[in-house]
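One structure below.
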Amino acid sequence: LPLPGLSVEDGELVYMGKPWDCMSGSDQLKVSAAIVRAIKPQCGFVLLDKLEQMDLATLAEFGSWLQTEGLQAIATRVSTGGECQIIIEDGRVKDAEEPPAPKAWTKGAF
């Protein structure tokens with residue numbers, strides 16, 4: 001299987017001795033990303049939610065694993081820490097420049 005410690009026992013996915021429903025949220029994220037990678041190796045990214053389930057050490061370890069696999073993660077993480085690259089506040093990217101105003105429409109002009 002695509003991750004050390006991952007197996008199937010009696011038809012149930014088991015990671016580090018724990019079945020899926022007993023795994024931590026961070027372990028479930030690792031397992032699911034590894035499975036996606038194994039099923040579709042040409043895919044260069046995975047979509048992930050709830051990265052706040054990982055402490056910073058686990059997040060760094062997961063990030064290193066993603067890099068060794070040649071994967072990018074498009075992910076969400078609710079946090080106030082500096083580990084986040086884009087901060088969304090009130091539905092907008094914080095401190096982003098405002099987009100230019102759209103051009104006015106003029107009948108018959110292309």
Side-chain angles (χ1 to χ4, degrees):
L1 290 171
L3 192 63
L6 183 61
S7 63
V8 176
E9 296 175 14
D10 297 323
E12 191 168 22
L13 198 58
V14 176
Y15 179 62
M16 305 302 249
K18 294 181 181 176
W20 180 264
D21 58 345
C22 294
M23 288 180 208
S24 67
S26 64
D27 282 347
Q28 287 178 343
L29 290 171
K30 289 180 204 174
V31 168
S32 60
I35 291 170
V36 166
R37 184 57 164 169
I39 291 172
K40 194 99 171 163
Q42 67 274 27
C43 182
F45 69 94
V46 290
L47 300 174
L48 299 165
D49 189 17
K50 300 182 181 180
L51 282 185
E52 63 273 6
Q53 295 184 57
M54 295 185 183
D55 60 32
L56 290 180
T58 304
L59 187 61
E61 176 187 308
F62 184 58
S64 294
W65 177 82
L66 288 168
Q67 287 179 341
T68 61
E69 291 294 316
L71 279 171
Q72 290 183 331
I74 299 170
T76 62
R77 178 178 175 85
V78 176
S79 174
T80 57
E83 73 279 6
C84 297
Q85 294 180 352
I86 297 174
I87 299 173
I88 299 173
E89 192 172 82
D90 296 327
R92 297 177 182 255
V93 176
K94 186 177 179 182
D95 300 328
E97 293 182 22
E98 290 294 319
K103 293 182 181 179
W105 179 79
T106 305
K107 183 178 180 180
F110 296 96

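Note that the structure is predicted; figures quoted are calculated from it, not measured.
Here the shortest heavy-atom pairing between L51 and R77 reads O-NH1, 2.6 Å. Smallest separation of non-hydrogen atoms from G81 and S79: N-OG, 2.8 Å.
Judged as a side chain to side chain contact (heavy atoms under 4.5 Å, CB included), and not counting sequence neighbours, the contacts of V93 are I86, A96. Partners of S32 by side chain to side chain contact (heavy atoms under 4.5 Å, CB included), not counting sequence neighbours, listed by chain and number: W20. The side chain to side chain contact (heavy atoms under 4.5 Å, CB included) check on Q53 picks up K50, with sequence neighbours excluded. Residues forming a side chain to side chain donor-acceptor pair (under 3.5 Å) with D95 (at least two apart in sequence, or on another chain): none.
Residue pairs satisfying the salt bridge (charged side-chain N to carboxylate O under 4.0 Å, His left out) criterion with at least one member in residues 8-22, sequence neighbours excluded, are absent. The salt bridge (charged side-chain N to carboxylate O under 4.0 Å, His left out) analysis of residues 26-46, with sequence neighbours excluded, yields the pairs D27-K30, K30-E61, R37-E69.
To the nearest 0.5 Å, atom OG1 of residue T58 and atom CG of residue L29 are 11.0 Å apart. To the nearest 0.5 Å, atom CG of residue L48 and atom OG1 of residue T76 are 8.0 Å apart.
Grouping the Ile, Leu, Val, Met, Phe, Trp and Tyr side chains by contacts below 4.5 angstrom, directly or via other members, places V78 apart from F62. Under a hydrophobic clustering in which Ile, Leu, Val, Met, Phe, Trp and Tyr are joined whenever their side-chain heavy atoms come within less than 4.5 Å, directly or via other members, V36 and L71 fall into the same cluster.
Hydrophobic cluster membership of F45, counting Ile, Leu, Val, Met, Phe, Trp and Tyr whose side-chain heavy atoms lie under 4.5 Å apart directly or via other members: L47, I74.
Contact annotation: the side chain of V8 approaches that of L13 to within less than 4.5 Å [non-hydrogen atoms, C-beta and beyond].
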